[in-house]
Amino acid sequence: MLLDWITARLPLRLFTEEQQAGLRNLTDRIQRYCPQTGEVKFESQAWDSIRSDSHQVVFRVGSTDFWLQGSPARAIGDGDAVFSSGPAAALDVPGCVDRMINVLFAGIGPHLKPVATRNAWIVTRVDVTGNLLLGSLSEVRDALRLLRNVEGGRYKVSNQAGDTVYWSAKSRLQAGKAYAKGPHLSYLMKKKDYDGRRYSDAELDQASRLLRLELRLGREFFLRAEPWHTLTKSYLVSLWENYFGRMLGGCEVKTDNELLENCISAATTPGQGRSAYALWCLIKSEGWERAQNMTNKRTWYHNLKILRASGLGDADFSAGNVVHLRRKIIEVTLATSWADIKRVA
DNA sequence: CCGGCTTCACGCGCTTTGTG
DNA sequence: CACAAAGCGCGTGAAGCCGG
């Protein structure tokens, strides 16, 4: 598990006058790029954001606070955002904040670094992320397909970089997200302006078996919780497990002994009905994606049509997956490093 | 010959990529 | 930036293949 994102702010009054002026200077320079150069500058509520030289930590100067945010993983070690290392991998929030502050002010000017202690910063968002290692990309996709149908999932599916499932995306308290890490990495690396760590082909291949589960703790969470710098690793882990445990639980196996007969009567001939039922068994044992991959395309659709005509709906297909995936998920421990993957492989 | 499976060609809706 | 072209997964009908 690792910390994937942190947002923190520090009241501007904790900077010296000179530092405040310097920071505002930075935003002024950026404002020139704005076509509407009216007289309203940083007085307005709109914040200017500037990317630090490193592109690892981003900051902005608001009217009352200085904000910083970014992925601690990318500011630590070799920038590995899959597993990370150091404080990000240790779920050490204060350590990550320290690190991000150092990286940021090294980039924009050490003289701008506030003298205020680290704990004076106010953390408003932390992403806790786990990597679940499954058998293959197909299984990862199946897991996503399943999670999408989980009870209470007010989900929205995005197709931008492989499938992503969101829960309560707009919540200020906590929200969840699941996606396949492999396609996401390839997508990132293909982008022209990608300047992060380069992942090897072997790593990309291994990452394709990872199901990424992200828990975002938002502003509201930190208002209610203990002071952010006292959050322990075990507490963060338990939050994550509670949140996603609920998702991974609540699935129910459904068996239908009459299905075979339904298939036979739904098909034009008994033989087709039987083979449609055989396909259902295959889906149950191998999962949707694998079953599809190992079946001829036309046969697949043909038998699927019979299965649907026999009363099976999409939810049932997902339920068919459940048996398989739940077993897998329990079997498989969290992967915490590249070495973990190799060991299992 | 029959029944089931496979091959082929294509339409649709959507996203990505290329180009002026 | 707009628009076209290409790619991709889903899904279908029709015709051919092949073992019993």
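Just so we're on the same page: letters track the sequence lines, and every chain starts at 1.
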Roughly, in whole Å, what's the span from NZ in A:K297 to P in C:dT12?
-> 10 Å
Which nucleotide, B:dT6, B:dG4, C:dG11, lies nearest any side-chain atom of A:T269?
-> B:dG4
To the nearest Å, how far apart are A:N303 CG and B:dC5 C1'?
-> 10 Å
Closest nucleotide among C:dT12, B:dC5, B:dT6 to the A:N296 side chain | B:dT6
Check: A:R298 side chain, C:dG13 base, donor-acceptor under 3.5 Å | yes
Please map the stems of DNA chain B, keeping only stretches of three or more Watson-Crick or G-U wobble pairs with both distances under 3.5 angstrom.
-> B:1-20 with C:1-20
Check the angle between the aromatic planes of A:F15 and A:F105 and answer parallel, tilted or perpendicular using the 30° and 60° thresholds.
-> tilted
Shared ILVMFWY cluster between A:W5 and A:I122, side chains joined below 4.5 angstrom?
-> no
Would you confirm whether A:S275, through its side chain, and A:A278, through its main-chain N or O, come within 3.5 Å as a donor-acceptor pair?
-> no
Examine the base of C:dG11 for any acceptor or donor lying under 3.5 Å from a partner atom in the side chain of A:K305, and report the outcome as yes or no.
-> no
Look at the side-chain N and O atoms of A:T299 and state whether any lies under 4.0 Å from the OP1 or OP2 oxygen of B:dT6.
-> yes
To the nearest angstrom, how far is A:L304 atom CG from B:dC5 atom C1'?
-> 16 Å
Just by distance, do the side chain of A:W228 and the backbone of A:W121 share a donor-acceptor pair under 3.5 Å?
-> yes
Charged N to carboxylate O under 4.0 angstrom, A:D127 versus A:R216?
-> no
Salt-bridged, A:D4 to A:R212, with N to O below 4.0 Å?
-> yes
Same cluster (ILVMFWY, side-chain, under 4.5 Å), A:L231 and A:L3 | yes
Using whole Å, report how far CG of A:L279 lies from P of B:dC5.
-> 10 Å
Closest to side chain of A:Q272, choosing from B:dT7, C:dT12, B:dG4 | B:dG4
Atom CD of A:Q292 and atom C1' of C:dC8 are separated, to the nearest Å, by 13 Å
Round to the nearest Å and state the distance from A:W300 atom CH2 to C:dT12 atom P.
-> 13 Å
Grab the OH-C1' distance between A:Y301 and B:dC8 for me, whole Å please.
-> 15 Å
